[in-house]
Structures are given as structure tokens and as C-alpha cells.
Number of protein chains: 2
Amino acid sequence: MVTIYDIAARANVSAMTVSRVINNTGRISEKTRAKVKRVMEELNYVPNQMARSLVLQQTHLLFLLIADITNPFYTTLARGAEDAARKLGFRLLFGNSDENGDKEQEYMDTLLKMRVDGLLVAPAGDASLPHLETLRRHQVPFVLLDREVPGVESDIVLGDSKEGARQLVRHLSENGHRRIAMINGALTVSSARQRFEGYKEALKLNDLPYSEEYVLETSFGPRADLSEIDRWLGRMDPLPTAIVAGNNVLAVEVIRTLNARGLRVPEDISLVCFDDLASYAEIDPFVTVISQQAYQFGYLGMQMLIDRIRNPEEAGPWKKIVLPSELIVRRSVKAVR
Amino acid sequence: MVTIYDIAARANVSAMTVSRVINNTGRISEKTRAKVKRVMEELNYVPNQMARSLVLQQTHLLFLLIADITNPFYTTLARGAEDAARKLGFRLLFGNSDENGDKEQEYMDTLLKMRVDGLLVAPAGDASLPHLETLRRHQVPFVLLDREVPGVESDIVLGDSKEGARQLVRHLSENGHRRIAMINGALTVSSARQRFEGYKEALKLNDLPYSEEYVLETSFGPRADLSEIDRWLGRMDPLPTAIVAGNNVLAVEVIRTLNARGLRVPEDISLVCFDDLASYAEIDPFVTVISQQAYQFGYLGMQMLIDRIRNPEEAGPWKKIVLPSELIVRRSVKAVR
DNA sequence: ATGGTTGATGTTACCGATAACTCTAAAGTA
DNA sequence: TACTTTAGAGTTATCGGTAACATCAACCAT
């Protein structure tokens with residue numbers, strides 16, 4: 001591996017002079033600079049970032065940890081974060097916790113050891129608390145995305161989940177539905193909790209009955225098999241006339257399970273959900289959803305993160321951005337009665 | 001930042017002893033080991049990976065660079081790579097080149113500087129040649145995924161694009177189509193070339209006419225606006241009765257553009273494509289596709305990569321895995337005549 | 001002629017870890 | 001008893017850079 005010492009020897013200068021050429025610091029005569037640059041090209045020199053980071057005490061690396069890389073909500077968010085990072089002159093790498101606290105933990109370890117300069121996290125759930133406390137203890141700036149973690153104070157970008165849930169239920173109610181079920185992510189995830197709260201509130205507000213039997217708490221991530229959902233559908237008696245899905249993944253899985261049972265949406269049962277489906281759904285805008293501005297989650301979060309990194313002394317109060325959610329009515333709800 | 005020296009001082013041992021405890025090397029008395037561990041916990045010690053990598057000359061980091069993070073083909077591939085890496089005890093980070101050679105270049109720079117141990121790449125195109133040559137020159141093991149790059153010899157996982165294209169055209173031909181158009185990614189991408197070749201071959205084989213007007217070469221990645229596709233549709237006269245799309249993204253964009261023009265699939269025009277749509281398409285299996293085993297691309301590629309890293313001396317011949325593609329007939333093709 | 005600048009470059013120490021070698025007291029052996 | 005072995009440490013050099021200070025010749029002003 002070629003080092004600055006190799007360059008220095010070949011160019012008959014000291015290592016420090018090479019370092020100065022690389023970083024454009026200090027004063028160097030044009031002649032020396034040219035000579036050093038020529039030698040660097042000849043030897044295909046690539047600076048060793050680890051050695052550099054070690055002495056500089058910063059890596060200039062940012063990291064985005066998302067909860068489900070196959071979910072278009074998060075990949076769109078990732079594109080937003082990436083664009084913001086590029087625009088502000090930072091490099092961004094990604095990780096995927098797969099809605100799994102242990103995998104998240106592994107990433108956190110790696111990133112802490114790598115001494116990344118900052119971190120954007122869509123936490124796997126409330127159990128992320130210790131990981132985030134560790135980050136804080138080690139003074140790694142981070143911004144939470146999409147999910148809060150009780151006990152953690154930080155910059156954060158959230159969607160208005162509770163209001164979204166209210167809107168969905170109101171929409172169903174306005175279409176005459178009275179037996180409204182909900183399938184949701186784990187309640188250890190703040191967005192799932194908020195959506196559940198909004199669902200219950202809206203039921204009350206609209207004078208609709210609430211029944212535990214009509215609620216399934218599972219995970220936001222994709223399931224290996226759909227039997228849990230199928231059993232839930234089998235348990236409900238009578239079947240609800242409409243289902244609220246806590247996110248896009250659940251919506252798709254419910255529809256597939258319903259179809260397997262010979263039930264069709266919206267003819268036999270109506271369905272609404274959070275988060276838009278993939279762009280692929282654009283070819284047939286079908287499911288009525290609460291759409292979130294995924295790209296903005298990433299973009300704004302990254303701006304906040306870099307702001308903290310660039311002005312660490314300011315230490316203003318934590319910022320919380322709540323992005324509005326929008327009800328997009330399509331064809332997955334049938335009016336009843 | 002806490003270092004092994006801080007630990008050493010507090011525990012009344014030398015730094016080396018701390019290092020031995022961390023790495024479980026050498027001989028340490030149980031008493032000393034316990035004391036050091038206690039102090040490490042007290043001080044929340046996290047090893048500095050950069051310092052370690054600097055002396056060990058390896059980072060134990062692998063990297064996957066995909067071409068489009070919003071494309072479910074690549075995110076599924078990413079899950080495969082991730083699972084394989086975990087199973088074999090490696091950490092994996094991701095990057096997204098966005099089908100853009102310059103962004104790819106930036107990632108390559110970063111990764112080279114970071115001295116990652118190995119790299120899985122879905123290259124942005126033939127222009128990736130210099131980046132890959134640089135990797136080779138610096139002896140960074142890499143495996144190509146999904147796309148070849150002329151001039152680069154390496155382990156690689158490919159789909160059988162040519163055969164896939166033949167199957168799609170044959171299927172259309174069997175359904176009576178004679179005017180078959182193709183929208184494709186840039187021909188600087190090997191998979192686009194292969195698919196184009198297969199398309200032309202199959203036209204000949206099935207005695208169908210080939211016309212340049214019926215072919216649009218654009219990019220695989222999502223477009224900011226669809227006007228280019230719209231103009232292409234406007235140019236073709238008479239309109240084809242069927243379109244082959246070079247990938248899933250193009251298929252969706254074509255369908256949207258057709259719809260905007262008041263044309264419907266498959267009633268007015270048939271459409272087939274490569275790569276399955278997102279799982280979200282499962283709720284309405286609609287587009288007839290050549291499906292590729294995206295997960296396997298990642299899984300097998302990662303296995304090959306780690307194999308190279310673990311046994312660098314073996315240096316067997318480059319391995320090339322060609323995964324079969326499968327025609328899945330759904331409802332986007334109408335029989336004509 | 002003398003001292004002060006200034007531009008260009010070199011020297012040394014250090015970032016935080018580990019490899020390779022050294023040291024020392026206690027145990028083992030002839 | 002004297003010598004060897006060994007367990008359990010410690011010392012020193014090094015990985016590839018950069019900060020801070022040192023050096024030195026050329027130029028300038030008085």
C-alpha cells in the first residue's frame with residue numbers, strides 16, 4: 001500500500017510536504033506541488049482515511065439507519081437524506097435494522113467503533129433507548145426519524161400519526177362503516193402507538209364501538225408467512241366491514257390474506273392504511289391512504305443533523321418537525337348501508 | 001474519548017493488558033481480566049476501530065453499492081447480501097449510486113480511503129471500468145452483481161437477460177403480436193444490451209419486423225418527468241400492439257404515460273417487463289414479467305466475496321453465476337388477431 | 001552590517017490501537 | 001541447588017497520517 005512516505009521519498013520532499021499538497025494547506029511552491037502531484041498519480045496514491053481520521057478525530061462520514069430497506073417509505077426517505085447530504089458536502093452510508101433491535105444494536109456498535117460524525121435513525125422501537133443513550137454518552141449527534149423513543153431527547157422528524165389515524169377512521173365512518181378493525185405494528189413503536197391512540201379516539205368521537213378482538217398487534221416489517229394475519233381474520237366474528245392498516249406493508253399482507261380467503265377489497269371489506277405504496281401502485285391507484293412526505297423526512301432530518309455537526313457549540317433546544325399527513329382517497333373503501 | 005490508556009491507568013495495568021482482554025489473546029489471569037472488564041464498563045469504553053484497522057490493515061467491513069435504492073429488485077438483493085454477510089460473521093454497509101457514474105465514483109473514493117475489505121457492486125454502467133480497475137489495482141476484492149463491465153474480469157452474478165428477452169418476445173408473438181416495441185435502459189449497461197440483443201434475435205426468430213422507431217433507449221433509473229417517454233409514444237406510427245420494458249421502473253413509467261394518453265394496458269396495448277414489481281404488486285398480480293431471483297443475486301454474490309476474502313491465496317479462476325429467469329404470465333398481455 | 005520578515009520546507013510528537021519482544025517471579029526438573 | 005520453563009505481565013516500535021514548532025535562505029528596512 002502506497003503511503004505519503006513513499007510519495008515523499010520519490011519526490012525528494014518530506015512527508016509533511018506531501019500532506020500539505022493533499023490538503024491544500026500551508027505554503028508550497030508551484031514546482032514542488034506539481035512534482036508531488038505527479039508522483040501521487042504515478043503511484044496511484046489513495047490517502048488512508050483511518051490514519052487521517054485517527055489524528056483529526058473526525059471521519060466526515062454520516063450514516064442513515066433505516067428500519068426496513070424493502071419498504072418504499074424508507075427508501076424514499078433515504079433518497080431525501082442522500083440528496084441533502086450531498087448538497088451539504090457530506091458522504092452518507094446506509095444500514096438496515098430490519099425492524100430488529102439486535103441488528104440495530106450491531107449497527108450501533110459498528111458505527112460507534114467507526115466514530116461516524118453523525119447518525120440519522122429510524123429506531124426499531126422503544127427498546128432502542130439504550131442504544132441512543134450510548135450515542136448520546138459518546139457525543140455522537142443523531143436525529144430520529146419517523147419514530148420517537150420515550151426517554152430520548154433529540155432532534156426529530158415525525159409524521160402526525162394520531163391525526164392521520166383520526167382522518168382514516170372518520171373517512172370510514174363517513175362511508176357508513178361501524179365495525180372497523182385495526183392491524184398494527186408493535187406498540188413498542190411510537191408510530192404504532194400514536195396510530196392506535198388516534199384510532200381509539202376517533203372511534204369514540206364517531207360513536208363507534210371498540211373491541212379488542214378487532215385489533216391485531218404484530219410487527220411493521222414483512223412477515224415470512226401470513227398465518228398470524230389469517231388466524232386473526234378467522235377469529236373476528238362478525239368480520240369488520242373495514243380495516244385500518246398501520247402501514248403499507250401490513251396493508252398489502254392483509255389484502256393478500258383476504259384474497260386467499262376469497263374476500264375482495266373493497267367489495268367484501270374496505271381497507272385503508274398509512275404510507276403510500278410503492279410507486280408501482282401508481283399504475284393502479286387503488287388503496288386509500290394517509291400519505292407521508294417520505295422524502296422530506298430524510299431531507300429535513302439530514303439538514304438538522306448537519307446543522308448540529310457544524311455548530312456544536314450553539315446547542316439550541318431540540319427541534320421537532322411534525323410533517324402533516326394527507327388523506328388520499330382512492331378505491332379501497334366502499335360506502336355501506 | 002476513553003482509550004485503552006485510560007482503562008489501563010484506572011486498572012493499574014499496561015495498555016497491552018487491556019488490549020489482550022479486549023481481543024481475548026495472550027494469557028491473562030482471571031483476576032486481572034475481571035478488573036479490566038469492570039473498568040471498561042465503568043468508563044463506557046468503545047474500541048477505536050480506526051486505530052485498530054490502521055495497525056491490523058483490515059477493517060472487517062464489507063460494502064454493497066446498488067444502482068437504485070428505490071428499486072425493489074435491488075432492495076431485495078440487498079436483503080440477500082445482508083443475510084449472507086451476517087451468517088458469515090461480517091458487517092455490511094450500503095451505498096446507492098442512483099444509476100449515476102459520478103456518484104458511484106464518489107462512493108468508490110470513500111470506500112478506497114476507508115479501506116473496506118471487500119465490495120459488492122451493481123455497476124452504473126460500462127463507464128464503471130476505471131473505478132473497478134482502481135479497486136483491482138488496490139487489491140480490494142469485489143464481486144459484480146447484475147451487470148458486467150467489458151474489460152473487467154471478476155466474480156459475478158448475472159441474470160440470463162438475453163434468454164429472458166427472447167421469452168418475452170416469444171410470449172408476445174404467441175399471442176399474435178407483430179408490432180413489438182422496446183423501451184430500455186442505456187446500452188452502456190450490459191443488462192440493457194443483452195436484453196436488446198435478445199429482443200432483436202427473437203424478432204428475427206419469430207419472423208417479426210424490427211424498426212428503430214420502435215426502440216427507445218433511456219435510463220433504467222426513475223425519471224423526474226415522463227415527457228421523453230410520452231414523446232416516444234407520440235412518435236410511433238402506427239403504435240405497437242405490445243411493449244417490452246427493460247426493467248420494472250420503465251414498465252411502471254410506460255403504463256403511467258399510456259394511461260395519461262388515455263390508453264389502457266392490456267386493452268389498448270400489451271406490456272411485459274423484466275424484474276418483478278414490488279411486493280405491493282402482489283395485491284394485484286398484473287404485469288407479465290421475467291422474474292429474477294433478486295435475493296439470490298445478493299446472497300450468492302456475498303458468499304463469493306467472503307470466500308475470496310477468506311482464501312486470498314487460492315485465487316482460483318473467476319466464477320460466473322448465471323441465474324435463470326422465469327416468465328410469469330399475468331394479465332398485461334392481450335391476445336390479438 | 002544587523003536584525004526582522006517571510007516563504008518554503010523539515011522535525012518531532014501524537015492520534016489509539018497491536019505485534020513482537022522482553023522481563024520477572026514462581027514452578028518444575030535433573 | 002542450579003538451571004529451565006512458563007504464566008502473566010510490561011516495553012517499544014509501528015500503522016499512516018497531521019499539528020505545532022523549528023529551520024533556513026532570501027529579502028527588506030534602518
Side-chain angles (χ1 to χ4, degrees), chain A residues 1-37 39-40 43-61 109-117 138-140, chain B residues 1-37 39-40 43-61 109-117 138-140:
Chain A
M1 198 92 307
V2 181
T3 72
I4 49 169
Y5 297 99
D6 302 323
I7 309 290
R10 268 255 225 173
N12 276 311
V13 296
S14 71
M16 200 56 221
T17 298
V18 178
S19 174
R20 290 195 179 100
V21 171
I22 295 169
N23 298 294
N24 258 308
T25 54
R27 308 169 180 288
I28 305 271
S29 73
E30 264 321 308
K31 212 178 68 186
T32 307
R33 180 191 308 279
K35 186 172 55 181
V36 170
K37 284 201 166 171
V39 175
M40 289 200 302
L43 302 188
N44 287 305
Y45 171 71
V46 175
N48 185 318
Q49 184 63 44
M50 291 171 311
R52 184 182 235 159
S53 300
L54 189 58
V55 52
L56 292 182
Q57 299 285 26
Q58 57 156 324
T59 53
H60 225 71
L61 271 185
D109 279 358
T110 304
L111 301 177
L112 229 43
K113 287 185 192 162
M114 283 176 64
R115 305 287 197 264
V116 294
D117 285 354
H138 291 276
Q139 313 197 50
V140 182
Chain B
M1 199 92 303
V2 180
T3 72
I4 50 170
Y5 297 98
D6 302 323
I7 309 290
R10 268 254 226 174
N12 277 312
V13 297
S14 72
M16 199 55 220
T17 299
V18 178
S19 175
R20 290 196 179 99
V21 171
I22 294 170
N23 298 294
N24 259 308
T25 53
R27 308 169 179 289
I28 306 270
S29 73
E30 265 319 310
K31 213 179 65 183
T32 307
R33 181 191 307 279
K35 187 171 53 178
V36 169
K37 284 201 168 170
V39 174
M40 289 201 301
L43 301 188
N44 287 303
Y45 171 71
V46 175
N48 185 317
Q49 185 61 46
M50 290 170 312
R52 183 183 235 160
S53 299
L54 189 57
V55 52
L56 292 182
Q57 300 285 26
Q58 57 155 327
T59 54
H60 225 69
L61 271 184
D109 279 357
T110 304
L111 301 177
L112 228 43
K113 287 185 191 161
M114 283 176 65
R115 306 287 197 263
V116 295
D117 285 353
H138 290 276
Q139 314 197 50
V140 181

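Throughout, a chain's letter reflects where its sequence line sits, starting with A, and its residues are numbered from 1. Keep in mind the model is a prediction, meaning the values are calculated, not measured.
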Query raised in the report: To the nearest 0.5 Å, what is the distance between CD (A:Q57) and CG (A:D117)?
Result: 10.5 Å

Query raised in the report: If you find the nucleotide of DNA chain D closest to A:P47 and the one closest to B:V13, which residue's nucleotide is nearer the 5' end?
Result: B:V13

Query raised in the report: So, do A:M1 and B:H138 sit near enough that their side-chain heavy atoms are less than 4.5 Å apart?
Result: yes

Query raised in the report: Of all of residues 50-61 of chain A, which get a heavy atom below 4.0 angstrom from DNA chain C, listed by number?
Result: A:L54, A:V55, A:Q57

Query raised in the report: How about A:Q49 and B:T59: do any of their side-chain heavy atoms sit closer than 4.5 Å?
Result: no

Report task. Give the angle between the helix axes at the two ends of the helix from C:dA1-D:dT30 to C:dA30-D:dT1, taking five base pairs at each end and rounding to 10°. Result -> 60°

**Report entry** Separation of B:M40 CE from B:I4 CD1 (nearest 0.5 Å)
**Finding:** 11.0 Å

Query - Segment of DNA chain D, first to last nucleotide, that comes within the 4.0 Å heavy-atom reach of chain B - result: D:dA7 to D:dG16

**Report entry** Given B:K31, B:E30, B:K35, the one that forms side-chain contact (heavy atoms from CB on, under 4.5 Å) with B:R33
**Finding:** B:E30

Requested in this report: State, yes or no, whether a side-chain contact exists between A:T32 and A:V21 at a heavy-atom distance under 4.5 Å.
Outcome: no

Requested in this report: Check whether any side-chain heavy atom of B:V2 lies under 4.5 Å from a side-chain heavy atom of B:N44, and answer yes or no.
Outcome: no

Report task. Show your reasoning for whether side-chain contact (heavy atoms from CB on, under 4.5 Å) applies to A:N48 and A:T3. Result -> CA-CA 8 Å; A:N48 185 318; A:T3 72; over 6 Å; no

Query raised in the report: Is the shortest heavy-atom distance from the side chain of B:V18 to the side chain of B:Y45 under 4.5 Å?
Result: no

Query raised in the report: A:R115: what forms a salt bridge (charged side-chain N to carboxylate O under 4.0 Å, His left out) with it, not counting sequence neighbours?
Result: none

Requested in this report: Please work out if A:S14 contacts a base, only the sugar-phosphate, or nothing of the nucleic acid, heavy-atom cut-off 4.0 Å.
Outcome: base

Report summary line: Ranking A:R20 and A:V2 by the position along DNA chain D of their nearest nucleotide, the one closer to 5' is A:V2

Query raised in the report: So, for A:A8 and A:S14, which heavy atoms are closest and what is the spacing to 0.1 Å?
Result: CB-C, 3.7 Å

Query raised in the report: Which nucleotide span of DNA chain C, 5' end to 3' end, has atoms closer than 4.0 Å to non-hydrogen atoms of chain A?
Result: C:dG7 to C:dG16

Report task. State, yes or no, whether a side-chain contact exists between A:V36 and A:R20 at a heavy-atom distance under 4.5 Å. Result -> no

Report task. Supply the atom-to-atom distance B:T17 OG1 to B:I22 CD1, rounded to the nearest 0.5 angstrom. Result -> 11.0 Å

Query - Within residues 26-34 of chain B, residues whose heavy atoms come under 4.0 Å of DNA chain D - result: B:R27, B:I28, B:S29, B:T32

